[in-house]
Amino acid sequence: MSTTASPLPTESAHTPRRVALASAIGTTIEWYDFYLYATATALVFNQLFFPSISPTAGTLAAFATYAAGFGARPIGAVISGHLGDRLGRKAVLIAALVTMGVATTAIGLLPTYATIGVWAPALLVVLRIVQGLAVGGEWAGAAILAVEHAPQRRRGFFGSFTQLGSPAGMLLATGSLFGVRVIAGDEAFLAWAWRLPFVASIVLVGVGLFIRLRIQDAPEFRALRERGDVARLPVVEVLRAAPRDVVLTTGLRLSQIALFVLLTTYGLTYIAGELGKASSAGLLAVVITSALGLATTPLWAVLSDRIGRRTPYLVGSVGGTITLTLFFLAVGTGSTTLIVLAMVLGINVTHDAMYGPQAAWFAELFSTRLRYSGASLGYGIGSVVAGGFAPLVAAALVGATGSFWLVVAFLAVLSVLTTAAALLARETALEPLAP
């Protein structure tokens with residue numbers, strides 16, 4: 001009988017659950033920080049950091065700083081992909097979490113335009129870029145850890161725990177700003193209370209670090225690293241070995257992220273412009289859809305484990321333009337109930353149909369030695385192309401025409417590209433992960 005010890009530690013039967021939970025909590029904290037900025041962009045930053053220009057120009061300038069964070073994502077994706085495929089997923093995730101927390105806390109302490117003039121928006125942009133670098137490395141690492149530890153037939157479900165960080169983070173971010181605004185009142189909220197949720201980020205980072213330090217990379221990656229078989233230049237290699245999949249994952253990201261930010265970020269500004277700044281319909285709708293997303297995201301992912309990734313994705317990409325149109329029409333009625341219902345259709349049905357299976361599908365399209373770089377690139381490039389500029393484009397189109405129809409047309413173009421990518425990408429739900 002052989003007594004040779006395994007070179008790798010035995011994995012606990014509960015490892016997939018533990019890693020999935022750690023991914024969910026870590027990404028929740030990351031997205032809390034990122035969405036906190038997005039929500040404050042629509043409510044606060046245009047007034048406090050760009051007050052010397054017209055309201056429309058102030059909104060455009062605030063959304064430009066929002067876009068800067070998305071613009072930094074591909075850079076963060078390249079850096080994190082290189083390090084994640086060479087050193088390990090866990091180390092990069094810890095660095096991303098700390099970086100995001102420090103940047104978010106610093107935003108909460110940042111003087112406004114009234115105190116330091118043009119330095120205020122300049123520093124705001126710098127900190128937003130740091131946030132973008134951090135989140136560019138966060139998502140792929142968390143998704144890959146969850147998927148690489150998951151049983152083959154449940155990769156969609158366990159990968160969706162990473163996706164839960166988005167609705168959970170949005171719920172925390174929007175809920176905290178909404179709660180602080182209600183408790184402090186509009187005047188105090190604008191004067192100082194908006195800072196409290198940003199400063200609180202440092203506490204959440206401590207919680208996230210405690211959890212992430214207790215997990216480890218998947219056995220397949222650790223074995224690859226012990227053999228010395230890691231890629232020397234993984235970003236370069238993935239562009240040589242799998243350029244088609246990088247392009248397809250970019251395409252799969254386009255309408256998903258655009259629909260999300262048009263509803264949850266630009267949507268708040270649009271509602272405020274149509275119904276008045278005192279209206280809480282937008283924040284209420286975002287809170288409700290975020291809470292429902294904790295259930296609908298994994299439900300769509302479980303469905304993708306059973307019928308494949310492509311079909312749910314097509315439901316989302318084809319239906320997104322319709323639900324965005326319904327949202328704008330609902331705002332026109334002034335009815336809070338209709339606005340909430342339209343947001344639920346847009347986020348929990350069409351958006352989550354794409355977002356639920358996304359982590360698993362992106363990870364499954366690449367091999368172990370190039371997975372972090374490949375998934376990061378597609379996710380990051382798609383984010384900046386469609387997500388970062390969507391609110392800015394929408395604000396400019398509505399400002400120029402006074403109508404929302406060109407915004408709908410903008411999303412329709414992105415939806416065609418995402419639909420094409422979904423039809424061309426390999427169906428990977430029933431395949432083993434590529435070594």
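Please read these numbers as outputs of a predicted model, since none were measured by experiment.
- Salt bridge status for Glu148 with Arg371: present, with a side-chain N to carboxylate O gap under 4.0 Å.
- The aromatic ring centroids of Trp139 and Tyr379 lie less than 6.0 Å from each other.
- The aromatic ring centres of Tyr313 and Trp361 sit less than 6.0 Å apart.
- Residues Leu397 and Phe404 form no side-chain contact, since every pair of their non-hydrogen atoms from C-beta on lies 4.5 Å or further apart.
- The pair Arg309-Glu427 does not count as a salt bridge, with every side-chain nitrogen at least 4.0 angstrom from each carboxylate oxygen.
- Checked against a 6.0 Å centroid threshold, the rings of Trp300 and Phe157 do not count as neighbours.
- Residues Phe198 and Gly108 share a closest heavy-atom pair of CB-CA, 3.5 Å.
- A salt bridge between Arg369 and Glu237 is present, with a side-chain N of the basic residue lying under 4.0 Å from a carboxylate O of the acidic one.
- With sequence neighbours left out, the side-chain hydrogen bond (donor to acceptor under 3.5 Å, both in side chains) criterion links Thr162 to no other residue.
- Between Phe366 and Thr249, the shortest heavy-atom distance links the atoms CE1-CG2, 3.9 Å.
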Which is it for Thr418 and Gln256 under the side-chain hydrogen bond (donor to acceptor under 3.5 Å, both in side chains) test, yes or no, and what are the steps along the way?
CA-CA 8 Å; Thr418 295; Gln256 174 265 307; over 6 Å; no

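- Each of Arg222, Lys90, Arg225, Arg86 was scored for a salt bridge (Lys or Arg N to Asp or Glu O under 4.0 Å) with Asp217, with one residue passing: Arg225.
- Just one residue in the list Val408, Leu345, Leu263 forms a side-chain contact (heavy atoms from CB on, under 4.5 Å) with Phe327, and that residue is Leu263.
- Relative to the six-membered ring of Tyr372, Arg89 misses at least one condition, a distance below 6.0 Å or an angle of at most 45° to the axis.
- Within 6.0 Å of the CZ atom in Arg426, the count of heavy atoms belonging to other residues, nucleotides or ligands exceeds 12.
- Geometrically, Arg128 engages Tyr37 in a cation-pi contact defined by less than 6.0 Å to the ring centre and at most 45° from the axis.
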